K.L.:
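Pasting in a structure now, in structure tokens, and then I'll have a few things to ask.
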Amino acid sequence: MNPVIRQRAPFRWDGIEVEPYKREGTHFRDVSRQVLFGAEAGLACELRYFEVDCGGHSTLERHEHVHAIVILRGAGRVLVGTQIYDVEPFDLVRVPPQTWHQLRADPEHPLGFLCLVDAKRDAPSRPTKEQLEALRTTPELATFIKT
Ligand code: MN
């Protein structure tokens, strides 16, 4: 394996496939995934690069495993728990265990970010109707959250 993998275009790397974010579902929009360091890297974690196209969003979900996120491209907003934060390149985002989270790209900018996770991790869960209602307690949250 070549120790150096070149960036061949902005945020695209030689031999690294640009994959769909998740296999199926309608609870996200316009998100791609690239596994930069996966199982072959021999680590207990994986480093992925996700890109949300303009106006798109990731799934609203929570799980036991944590996310360590580094924003790399564009601009957007991030829901962590019940707070929404503006983010820009080189900001760091910590998502603790069992904390609702969703990332949205600005209407006119994509949002690209690195996301570090445990290689062995639990599956995400999405909110029930009741949990969703409990989350949508402010107009800001109600407008932000997409399912
Ligand atoms: Mn997640």
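For ligands, and for the atoms within them, numbers begin at 1 and follow the listed sequence. For reference, positions follow the sequence shown, starting with 1. Computed from a predicted model, the values in this text were never measured in an experiment.
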K.L.:
I need the Leu103 CG to Arg77 CZ distance, nearest 0.5 Å.
P.N.:
11.5 Å
K.L.:
Can Glu19 and Arg48 be counted as an ion pair, charged N to O under 4.0 angstrom?
P.N.:
no
K.L.:
Within less than 2.8 Å of the Mn ion (ligand 1), any N, O or S from Cys115?
P.N.:
no
K.L.:
Please name the atom of His63, limited to N, O or S, that comes nearest to the Mn ion (ligand 1).
P.N.:
NE2
K.L.:
If you look at Glu61, which of its N/O/S atoms is nearest to the Mn ion (ligand 1)?
P.N.:
OE2
K.L.:
Would you call the rings of His65 and His63 parallel, tilted or perpendicular, taking 30° and 60° as the class edges?
P.N.:
parallel
K.L.:
Regarding His67, does it place an N, O or S atom less than 2.8 Å from the Mn ion (ligand 1)?
P.N.:
yes
K.L.:
Which word best sums up how the rings of Phe11 and Tyr49 line up, parallel for under 30°, tilted for 30 to 60°, or perpendicular for over 60°?
P.N.:
parallel
